[in-house]
Amino acid sequence: MKQKKFIYHYRNLRWAFGRHETYLCYIVKRRDSPTSYSLDFGFLRNRSGCHVEVLFLRYMSAWQIDPHLSYSVTWFCSWSPCFSCALHLAQFLSEHPNLRLRIFAARLYFCEETNSEPEGLRRLKAAGAHIAVMTFKGKCSTKQGKLKNYFYCWHTFVASQDREFKAWEGLNANSIRLARKLRRILQPVDEIDDLRDAFKLLGF
């Protein structure tokens, strides 16, 4: 991926106007034996009106998933999945219990209370997916150790030409804000209702 394209689409702006595409950088690992595994990685984006998450599921189907082997899939996506894609992913995970999916999103897609996207993310989490926000200072586990999300993507998927990744203004603050919002979204609905009732009793 070109540097400018990565920075444009993965910039975790508070208001990301004009970014109508979703980019998805992926790593797929298949455990072939206790001592060996196969690896594939790359990136996809929306094409011909088809969401990138659905395109990835088609790609995974081409792997002819072996139910006797374990698979680990890690995503770094510019937007979190929409409600429909979250349901497709939840269904896919229920059909493939030997596959583990981790999603790191740069931004949350239409995740306001009046939309259905928060419920989609909760169902996806209930299906076993790990969902988090991409971070600058935070870490995610990889074979090479623990690396920062943006740094790892930059050096793995971007034609960086050995240029170091430089954080843009507000990256860390926006990441913290989005992570807090995601934590609230992923709380069970009954816990959210209990909190709202508690706030009302306290006069908030």
Side-chain angles (χ1 to χ4, degrees), residues 5-26 43-57 73-94 101-138 140 148-150 153 167-204:
K5 192 170 289 293
F6 176 80
I7 292 172
Y8 178 78
H9 285 283
Y10 281 82
R11 201 176 184 97
N12 61 348
L13 299 171
R14 191 177 184 91
W15 308 109
F17 297 113
R19 289 161 173 81
H20 303 298
E21 291 181 310
T22 299
Y23 274 75
L24 188 158
C25 297
Y26 64 84
F43 69 91
L44 299 168
R45 66 176 176 85
N46 294 8
R47 289 187 180 277
S48 303
C50 185
H51 286 196
V52 70
E53 295 89 346
V54 175
L55 290 175
F56 183 85
L57 293 183
V73 178
T74 303
W75 285 3
F76 302 94
C77 42
S78 57
W79 287 106
S80 61
C82 70
F83 179 74
S84 177
C85 287
L87 296 188
H88 282 299
L89 290 169
Q91 178 65 27
F92 186 82
L93 290 175
S94 69
L101 175 62
R102 298 186 302 167
I103 300 174
F104 297 92
R107 297 183 302 272
L108 301 179
Y109 181 77
F110 281 97
C111 281
E112 305 303 328
E113 288 188 13
T114 55
N115 297 329
S116 58
E117 272 63 33
E119 177 59 23
L121 294 182
R122 284 190 287 268
R123 293 191 190 184
L124 185 52
K125 179 188 176 184
H130 170 84
I131 310 170
V133 169
M134 287 182 66
T135 62
F136 173 63
K137 291 186 176 180
C140 65
K148 296 161 187 172
N149 293 167
Y150 279 102
C153 285
W168 49 80
E169 184 179 357
L171 187 158
N172 190 48
N174 286 338
S175 178
I176 292 172
R177 177 182 57 80
L178 288 167
R180 287 173 178 167
K181 184 174 183 178
L182 180 62
R183 282 197 297 272
R184 291 195 298 270
I185 288 171
L186 295 180
Q187 284 183 311
V189 175
D190 56 345
E191 289 185 14
I192 295 173
D193 291 338
D194 289 344
L195 285 173
R196 286 175 179 162
D197 293 340
F199 286 147
K200 286 180 181 178
L201 288 173
L202 292 171
F204 294 119

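All residue numbers in this chain count up from 1 along the given sequence. Note that this is a predicted model, so its numbers are computed, not measured.
The backbone N or O of I185 lies less than 3.5 Å from a partner atom in the side chain of R122, making a donor-acceptor pair. The closest donor-acceptor contact from the side chain of S175 to the backbone of M134 lies under 3.5 Å. Checking side-chain atoms of N12 against main-chain N and O of L171 turns up a donor-acceptor pair under 3.5 Å. In this structure, R19 contributes its side chain and Y8 its backbone to a donor-acceptor pair below 3.5 Å.
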Would C77 and I103 count as a side-chain contact (heavy atoms from CB on, under 4.5 Å) if you check the C-alpha gap in whole Å, the side-chain angles of each, and the deciding distance to 0.1 Å?
CA-CA 7 Å; C77 42; I103 300 174; 3.6 Å; yes

I would like to know whether N46 and W79 meet side-chain contact (heavy atoms from CB on, under 4.5 Å); could you show each step before the answer?
CA-CA 11 Å; N46 294 8; W79 287 106; over 6 Å; no

Stepwise, does the salt bridge (Lys or Arg N to Asp or Glu O under 4.0 Å) test hold for R11 with E169?
CA-CA 10 Å; R11 201 176 184 97; E169 184 179 357; over 6 Å; no

Stepwise side-chain contact (heavy atoms from CB on, under 4.5 Å) test for H51 and T22:
CA-CA 8 Å; H51 286 196; T22 299; over 6 Å; no

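Scanning all heavy atoms of the two residues, the minimum distance from A106 to S78 falls at CB-O, 3.7 Å. The minimum heavy-atom distance linking L124 with A86 is given by the pair CD1-O, 4.0 Å. Taking each heavy atom of V133 and N149 in turn, the nearest pair found is O-OD1, 3.7 Å. Here the closest heavy-atom approach between residue Y23 and residue K5 is recorded as OH-CD, 3.0 Å. Between K125 and I131, the shortest heavy-atom contact is N-CD1, 4.0 Å. The two atoms that bring R123 and A90 nearest to each other are O-CB, 4.1 Å, heavy atoms only.
In this structure, the separation between CG on L24 and NE2 on H9 is 13.0 Å, given to the nearest 0.5 Å. With rounding to the nearest 0.5 angstrom, the CZ atom of R45 is 13.0 Å from the SG atom of C25. Summarising the geometry, atom CZ belonging to R107 is positioned 12.5 Å from atom NZ belonging to K181; distances are rounded to the nearest 0.5 Å.
The distance between the ring centers of Y10 and W168 does not fall below 6.0 angstrom.
Using a 4.5 Å heavy-atom cutoff, the side chains of Y150 and F104 are not in contact.
With a 6.0 Å radius and a threshold of 12 heavy atoms from other residues, nucleotides or ligands, R47 has its CZ atom at or below the threshold.
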